[in-house]
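Working notes for the structure below.
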Amino acid sequence: MSTEQQQTRPVLEIDELSISYGGRPAVSNVNLTIQPGEIVGIIGESGSGKSTLAHAILGLLPSSATVSGRALSLAGKNLLGADGPAFRSVRGPGAAMVFQNPMTTFSPLHRLGDQLTDLLWRGTSLSKEEKRQRIVAVFRQVGLSNAAGRLSNYPFELSGGMLQRVAIAAALMMRPSLLIADEPTTALDVTMEAQILHLIRELRAEAGVAVLMISHHLGVIAEICDRVVVMYAGRVVEQGPVEAIFANPTHPYTKALFACEPALIAPGVNRMPVIDHEALRRHADERKTA
Amino acid sequence: MTKQTPILEARGLGIAVGTGGGIFFAGRKLDIVMDVSLSLRPGKIVCVVGESGSGKTTLGMALVGLTPPTTGEIRFDGAPLQDFSKASFRPIRDKSALLFQDPASSFNPRQRIGDIIAEPRRISGEGATTSEAIASLAQLAGLPSSLLSRFPHALSGGQARRAAVARALSVVPRLIVADEPTAGLDVSVQGGVMNLFLDIREKHDTAFLIITHNLAVARHISDELVIMYLGRVVESGPTAEIFRNPQHPYTKALLDSEPVPDPRHRRNEPPVIGEVPSIFARPSGCEFHERCRFAQSLCRSEAPRETAGANGQRVRCHFPIGQAVGEPALAIA
């Protein structure tokens with residue numbers, strides 16, 4: 001795939017995508033486009049469908065899920081109704097994913113070097129030594145100290161923050177056009193979170209990778225995203241440039257979500273607002289009838 | 001002045017564990033918590049803040065006797081504990097409740113929620129265990145009474161948290177120790193749990209010791225903060241003062257690391273790099289010096305003592321922020 005092509009077309013195109021489980025909708029009519037090098041955040045509470053949407057992009061949904069819509073294409077490949085082999089061909093070069101808990105991302109029984117070597121199964125032309133060098137290079141890129149020595153480490157020998165760096169390295173090694181990060185800093189301490197967010201921003205600048213960042217943390221979204229998508233009950237209720245949405249949220253749910261964020265509430269107010277889901281439901285019903 | 005007597009007071013508390021076998025560590029004692037002093041008055045909320053491995057959970061467990069301390073002193077209602085035997089913690093255990101980090105795993109999966117809430121009453125013999133009494137407890141915690149006949153697996157994270165609070169309130173506690181009560185909850189559910197704590201405090205004058213890494217929550221709910229690093233308290237004092245003017249470089253780094261929900265205030269660099277050192281290899285001198293941007297040669301060689309700073313803050317640093325650099329703070333006591 002040439003770089004020119006990448007620049008002219010979006011990395012990810014989702015048009016009116018719906019996902020349901022046995023008739024129960026989990027994601028409804030979602031539209032989302034990500035341009036090369038863009039960092040897009042999805043924010044929403046548990047059950048809003050943000051992880052389901054991310055899993056659909058990589059074909060990771062359970063077989064009980066029904067996916068329908070007008071388009072789901074990743075790096076120019078149509079994936080709507082795609083089968084296992086088609087998804088396998090985009091996992092890695094199309095998009096790679098970093099999961100929430102770095103401790104369960106890796107097999108506890110194998111050395112990190114071996115696990116990352118396995119990910120390079122496609123590179124049949126690469127010799128063992130070339131694969132090793134590629135892993136060491138990407139370890140350096142994500143700021144792991146003693147990069148060569150880490151190859152013989154088992155996952156339990158590394159801290160959560162270090163393992164998350166390894167997970168990001170593993171994803172980057174596949175040279176994906178899109179990095180999907182599902183709550184990548186939720187399991188980490190704040191000082192490590194700040195370092196990982198900084199790393200993701202640097203990687204975007206250096207490698208030009210686009211990022212889909214899923215988070216329930218408004219601070220994380222504000223820190224690194226260019227655009228933000230707000231999800232509620234399986235629907236995108238609002239999306240736009242991060243500055244605009246944070247300065248002027250328009251949807252009642254976005255407003256309610258922002259109102260609950262403790263960091264945005266002046267100190268001294270110790271009664272916390274909560275989201276009135278009833279009112280939101282009424283709002284949705286009114287709009288339907290209108 | 002009875003109001004001023006702390007419910008719980010700890011002085012110079014230390015917790016060490018044996019490292020078990022192995023060729024290298026056999027018979028060695030490993031310090032998890034060192035020299036912690038704090039006091040908790042009725043109706044006050046104290047938050048213990050720190051990163052993983054700072055010893056905050058171990059400290060919380062030690063204060064109610066789940067991990068017996070090895071050195072120091074604990075006073076409950078002004079009366080010192082004779083030793084740290086299981087029996088000596090009885091007065092504390094009778095009057096306090098514990099909220100574990102993962103409420104769902106603190107329930108017996110084969111017991112119904114109603115029975116789980118009633119259990120402390122059945123054991124202590126205090127309070128009614130009729131279904132009406134249990135339903136009113138659940139209502140107090142904001143748990144729908146329809147869930148009382150369900151099993152723990154049927155509850156969402158927020159509901160499980162409320163059930164744990166209802167169980168804690170079962171025998172009215174004077175002290176609640178809550179370990180990460182808002183972890184894993186959505187912001188609006190977090191707000192609900194915090195409001196619940198404030199209601200309980202108002203109604204019963206209950207004191208809270210909240211262990212958390214969520215600074216935004218700590219800022220809103222607590223009266224006082226205790227910041228821990230590698231088992232020691234590096235800074236403590238009134239919450240508002242610490243947020244306004246953090247004096248320990250670690251406190252400042254911690255506060256600055258929290259991403260601000262405002263895209264106009266992005267950071268160019270992470271406020272602190274690296275991670276918390278291993279307790280198997282504590283750094284010399286001040287244990288934060290390797291990551292501290294203000295560290296000087298004194299910090300590498302000599303461990304700082306806790307000193308009284310301005311505005312009721314206590315800080316364990318040779319060169320607290322806001323004081324002239326090059327002039328070590330005067331140690332008191």
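Order of the sequence lines sets the chain letters (A, B, ...), proteins ahead of strands, with each chain counted from 1.
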>> For A:E202, is the CD atom crowded, meaning more than 12 foreign heavy atoms sit under 6.0 Å from it?
In response: yes

> Quick one: does B:H213's side chain have a donor or acceptor within less than 3.5 Å of a partner on A:D189's backbone?
Replying inline: no

> Can you tell me how far the CD atom of A:E243 sits from the CZ atom of B:R264, to the nearest 0.5 Å?
Replying inline: 9.5 Å

>> Tell me if a side-chain donor or acceptor on B:R266 pairs with a main-chain N or O of A:A222 at a distance below 3.5 Å.
In response: yes

> Once you round to the nearest 0.5 Å, how far does OG of B:S257 lie from CD of A:E193?
Replying inline: 8.5 Å

>> Taking 4.5 Å as the heavy-atom cut-off, does anything in residues 137-170 of chain A contact chain B, and if so which residues?
In response: A:S159, A:M162

> Side chain, backbone, both or neither: which part of B:Q190 has an atom under 4.5 Å from a heavy atom of chain A?
Replying inline: side chain

> Thinking salt bridges, do B:R267 and A:E223 make one under a 4.0 Å N-O criterion?
Replying inline: yes

> About how many Å separate CG of B:D262 and CG of A:L264, when rounded to the nearest 0.5 Å?
Replying inline: 8.0 Å

> Nearest 0.5 Å, what's the CD1-CE distance between B:I273 and A:M192?
Replying inline: 10.0 Å

> Atom CD1 in B:I221, atom CE in A:M272: separation rounded to 0.5 Å?
Replying inline: 8.0 Å

> With a 4.5 angstrom heavy-atom cut-off, which part of B:D256 approaches chain A: side chain, backbone, both or neither?
Replying inline: neither

>> Rounded to the nearest 0.5 Å, what separates atom CD in B:E275 from atom CG in A:L188?
In response: 9.5 Å

> Where on A:I224 is there a heavy atom nearer than 4.5 Å to chain B: the side chain, the backbone, both, or neither?
Replying inline: backbone

> Heavy atoms, side chains only, cut-off 4.5 Å: are A:P262 and B:V187 in contact?
Replying inline: yes

> Checking A:Q195 side chain against B:G274 main chain: does a donor-acceptor pair fall under 3.5 Å?
Replying inline: yes

> B:V272 versus chain A, heavy atoms under 4.5 Å apart: side chain, backbone, both or neither?
Replying inline: both

